[in-house]
Amino acid sequence: MKKQFRVGGMSCASCSSHVEKAVGALPGVFGVQVNLLAGSMMVDYDEVVCGEEDIIHAVEQGGYTAAVSDGRNDTPAGTKEADDDLSEMKRRIIVSAAFLLILMYFSMGPMLGLPLPALLSGTEGALMLTVVQLVLTLPIVVINHKYFTNGIKTLLRGAPTMDALIAVGSGAALIYGVYALAQIGFASAAGDTETVHAFMHDLYFESAGMILTLVTLGKFFEARAKRKTGEAIAALMDLRPQTATVVRGGEEFTIPIENVQLGDLVVVRGGQSVPVDGEIVEGRASVDESALTGESMPVEKVVGDTVIGATVSKNGYFILKASRVGDDTTLSQIIHLVEEAGASKAPIAKLADKVAGVFVPVVLIIAAVTAVIWLLLGQTVGFALTRAITVLVISCPCALGLATPVAIMVGTGVGARNGVLFQSAEALENLHGVQAVILDKTGTVTEGRPVVTDIMPLGVEQEDLLSLAVSLEQMSDHPLADAVVRYARERDATVRRATDFQAAEGQGVSASVDGIPCMAGNRRMLLKNGLALSPKAKQVGERFAAEGKTPLFFAASRQVVGVFAIADVVKPTSSAAVAALRALGLEVTLLTGDNRATAESIAQELGIDNVVAEVLPQDKERAVREKQEQGKKVAMIGDGINDAPALARADVGIAIGAGTDVAISSADVVLMKSDLMDAVDAIRLSRQTMRNIRQNLFWAFFYNCIGIPLAAGVFGLRLNPMFAAAAMSLSSVCVVSNALRLKFFAPTPKPEVKSKPVIVVPKEEPTMTKTIQIEGMMCAHCADHVQQALQAFPGVSAVIDLENGKAIVQGALPDEAKLTEAVEKAGYKVVGFQ
């Protein structure tokens with residue numbers, strides 16, 4: 001059977017690996033999958049051979065906590081626990097730093113010429129000064145005791161981690177300090193001032209305190225990153241409305257969302273979120289699905305259409321029949337994908353952990369062998385012990401431990417200063433090896449909201465068309481209307497009086513503007529009201545649609561007077577960012593839930609060859625997985641809820657800062673300025689940081705390769721532990737100085753951005769317009785006959801006003817006699833021209 005457990009105390013990939021090994025070693029356990037992100041563990045086991053208590057005991061033996069979970073109703077792991085971890089880290093940092101500062105004054109102060117109390121000065125005060133340093137070091141050791149307990153455990157299990165490295169390094173410095181304290185005490189009692197003077201400079205308590213404090217600071221950043229990551233699933237769950245309005249027995253009841261059952265009739269009004277997945281059985285509405293599908297435009301839903309939970313009804317009213325509830329809804333599936341992707345990520349084995357597996361045992365063996373050899377050579381126990389401890393002190397992994405975290409801390413700081421937030425050290429490490437970048441469209445490479453891109457006046461001046469548009473659309477709350485009004489007002493269009501406003505859902509709006517009947521909408525609305533498109537208007541609408549834009553037609557006095565093209569336009573820096581990504585040798589793919597025509601148009605504008613369109617959230621996650629199965633490391637850049645599974649699945653998830661909280665908390669990197677060009681800088685910075693880390697590690701290893709044999713006396717020199725400590729400090733200074741070079745990182749120059757997008761207004765060829773008064777038209781068929789007769793002339797379009805007995809013709813018009821002849825041949829009478 002499979003059962004889920006909650007696991008506490010895990011802070012890194014090494015922890016989750018240890019838990020997996022401990023539980024996997026139990027008899028009857030077939031498989032273990034630990035999710036560090038969710039703080040959970042799924043175990044497949046034979047309950048006859050192995051029980052829950054055995055699994056929990058195995059986890060606790062490894063130094064962690066465990067409890068059975070039902071897998072459904074738990075708060076996403078990491079939220080409260082990560083907050084507690086963060087608070088504890090802050091407390092440890094504050095206490096450690098406070099004692100370390102005082103300790104550094106007493107240990108390093110005399111070298112800098114700082115005064116000490118007479119009781120602690122000179123050879124006479126050496127013993128008391130040593131005791132004071134030990135007393136100041138002990139609180140740092142005690143409050144950070146986890147490194148010693150966990151490190152010793154992993155050392156005894158034969159799988160040492162960074163904790164073991166820390167325990168050995170700081171422990172060696174502490175032990176030698178205690179040894180020096182004992183020597184100073186014995187020498188003081190014997191009046192041996194020379195020995196006292198020698199050992200009073202061989203105290204390494206500050207080394208122990210420094211190592212523990214710096215490592216705790218690094219753990220603090222890890223704890224903060226874990227808390228951010230754990231918020232992803234909680235944010236997804238918060239998207240669901242807490243209640244739903246259902247119809248039972250002919251009455252409406254508001255019930256908790258978890259009580260909605262299959263087949264329930266659920267009422268959704270304008271402005272509300274859809275509670276569950278279902279099919280509309282009554283009403284209609286405009287539904288914003290951008291969070292789940294990536295479609296930038298609201299979708300008109302009518303009876304028979306499917307709606308998805310967590311989408312938003314912009315206007316209208318409908319009743320749906322619940323087809324998926326609880327854990328079966330689309331949103332729940334997305335939550336599951338985020339959890340699964342987090343669990344299936346390959347654990348990131350820290351380089352320092354790998355090194356510790358060899359370095360720590362080797363150093364311990366070298367120290368022991370050094371002591372034995374010197375004893376066999378006839379040296380005293382004190383001499384041999386000094387040489388062995390000198391080996392441990394000079395091989396103290398301070399430089400090795402600083403090589404990675406210091407470079408990462410500087411790199412993340414530089415990134416934050418340039419608008420790039422790395423959520424974890426792993427993100428900075430992983431990003432440098434990315435080979436393919438997958439870009440979401442809506443809100444990532446585009447602005448994420450509809451804007452007017454083109455306008456085509458037909459028989460009217462542009463100023464008159466803008467005035468009509470803003471007067472008509474200002475009373476609508478539709479996103480397309482917002483785009484038109486915003487565009488018209490930016491150009492100071494005159495607002496006229498509009499009355500009798502009506503909105504036809506899925507079609508458009510109509511009203512009387514200064515007493516003239518006007519309408520704005522799609523082609524379906526025009527046809528429903530008996531307005532035929534002229535060849536010119538039809539051609540323009542088709543061209544806009546082919547370019548991936550939405551054509552919006554405006555009519556006055558039953559005559560089409562203009563067409564607006566509306567689209568989600570590309571951000572000013574997106575094209576340059578794509579070019580920069582390709583220049584870095586990366587494969588770029590555009591991935592979107594939007595329609596293919598729009599996606600192809602955007603991709604062509606950006607210079608992207610690979611396009612995947614019309615995909616659902618699970619398809620986006622699958623697209624990332626397919627790239628990974630090809631052996632490529634993938635970075636996913638997105639901003640929507642629908643991107644969360646793909647962001648979690650990718651080797652590195654990069655979220656646009658203006659995107660949803662879910663996308664941001666699911667991602668490893670956040671672009672705070674919502675500029676795609678910052679993704680280029682993130683990758684460049686990651687590569688430079690990793691190059692810096694490799695340099696640091698090289699010099700740290702080089703130092704150890706020279707220093708350890710020197711300390712052991714291989715070269716015939718008796719290295720004093722004081723010089724070993726100085727060499728150790730110098731190696732740390734070199735590592736830190738090299739890491740600080742990252743501060744000179746320069747962001748990629750960005751293209752000049754204009755304050756307003758350039759709107760292309762196509763020019764219309766001059767036309768003539770006439771109105772013909774006609775008698776005898778009685779129905780729509782009559783109107784069609786007259787329209788066909790008039791449009792038989794080349795270059796002529798005709799709009800028939802059946803109610804007022806008129807025909808409005810425009811284009812390259814023949815003389816009135818020929819127009820009259822054409823109408824009368826169709827069986828109707830011309831009574832005049834205007």
Side-chain angles (χ1 to χ4, degrees), residues 239-241 243-247 252 257 260-325 328-334 442 448-450 473 476-483 502-510 520-528 545 548 550-552 566-568 592-598 613-619 640-642 660:
L239 290 171
R240 258 186 321 207
T243 61
T245 302
V246 299
V247 179
E252 292 187 7
I257 187 72
V260 178
Q261 301 175 1
L262 284 175
D264 271 345
L265 297 178
V266 182
V267 177
V268 180
R269 294 180 171 85
Q272 293 182 341
S273 295
V274 179
V276 295
D277 296 3
E279 180 181 320
I280 295 179
V281 295
E282 180 183 330
R284 62 190 303 159
S286 177
V287 179
D288 182 0
E289 296 183 336
S290 60
L292 292 175
T293 67
E295 173 64 59
S296 54
M297 302 296 182
V299 180
E300 301 298 333
K301 297 288 185 177
V302 297
V303 173
D305 287 344
T306 299
V307 288
I308 304 172
T311 56
V312 180
S313 174
K314 301 297 289 184
N315 52 49
Y317 166 95
F318 63 87
I319 298 176
L320 66 89
K321 184 177 181 180
S323 59
R324 289 184 178 182
V325 298
D328 293 330
T329 63
T330 301
L331 180 62
S332 296
Q333 295 297 321
I334 293 177
T442 306
R449 66 173 186 174
E473 296 283 22
S476 173
D477 58 359
H478 196 281
L480 297 186
D482 291 340
Q502 290 184 344
E505 292 184 16
Q507 298 181 22
V509 298
S510 62
N522 54 28
R523 187 174 181 181
R524 184 170 50 177
M525 183 174 190
L526 299 181
L527 295 176
K528 184 177 179 181
T550 300
L552 188 62
I566 301 177
D568 185 12
T592 178
D594 214 336
N595 66 77
R596 178 160 293 278
T598 301
E614 299 175 359
V615 292
L616 296 175
Q618 53 266 38
D619 298 322
I641 301 168
N642 58 308
T660 64

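The residues of the chain are indexed from 1 along the displayed sequence.
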Taking C-beta and beyond as the side chain, do Val267 and Tyr317 meet within less than 4.5 Å on heavy atoms?
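Sidechains of Tyr317 and Val267: in contact.
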If you compare all heavy atoms of [X] against all heavy atoms of [Y], which two are closest, and at what distance to 0.1 Å?
X: Ala481; Y: Glu473; value: CB-OE1, 3.3 Å
X: Asp482; Y: Ser476; value: OD1-O, 4.1 Å
X: Gly521; Y: Met525; value: CA-SD, 4.1 Å
X: Ala322; Y: Val260; value: CB-CG1, 4.3 Å
X: Ile308; Y: Thr311; value: O-OG1, 2.6 Å
X: Val302; Y: Ile280; value: O-CB, 3.6 Å

Donor-acceptor pair, [X] side chain versus [Y] backbone, under 3.5 Å?
X: Lys314; Y: Ala285; result: no
X: Asp277; Y: Gly309; result: yes
X: Ser273; Y: Pro275; result: no

If I take atom [atom1] from residue [X] and atom [atom2] from residue [Y], how far apart are they, to the nearest 0.5 angstrom?
X: Asn315; Y: Arg284; atom1: CG; atom2: CZ; result: 10.5 Å
X: Thr306; Y: Lys301; atom1: OG1; atom2: NZ; result: 6.5 Å
X: Leu262; Y: Lys321; atom1: CG; atom2: NZ; result: 10.0 Å
X: Gln272; Y: Ser313; atom1: CD; atom2: OG; result: 8.0 Å
X: Ile319; Y: Glu279; atom1: CD1; atom2: CD; result: 13.5 Å

Can you name the residues that form a side chain to side chain contact (heavy atoms under 4.5 Å, CB included) with Arg524, not counting sequence neighbours?
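Gln507, Asn522.
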What residue among Leu320, Val246, Val281 forms side chain to side chain contact (heavy atoms under 4.5 Å, CB included) with Leu265?
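Option passing the side chain to side chain contact (heavy atoms under 4.5 Å, CB included) with Leu265: Val281.
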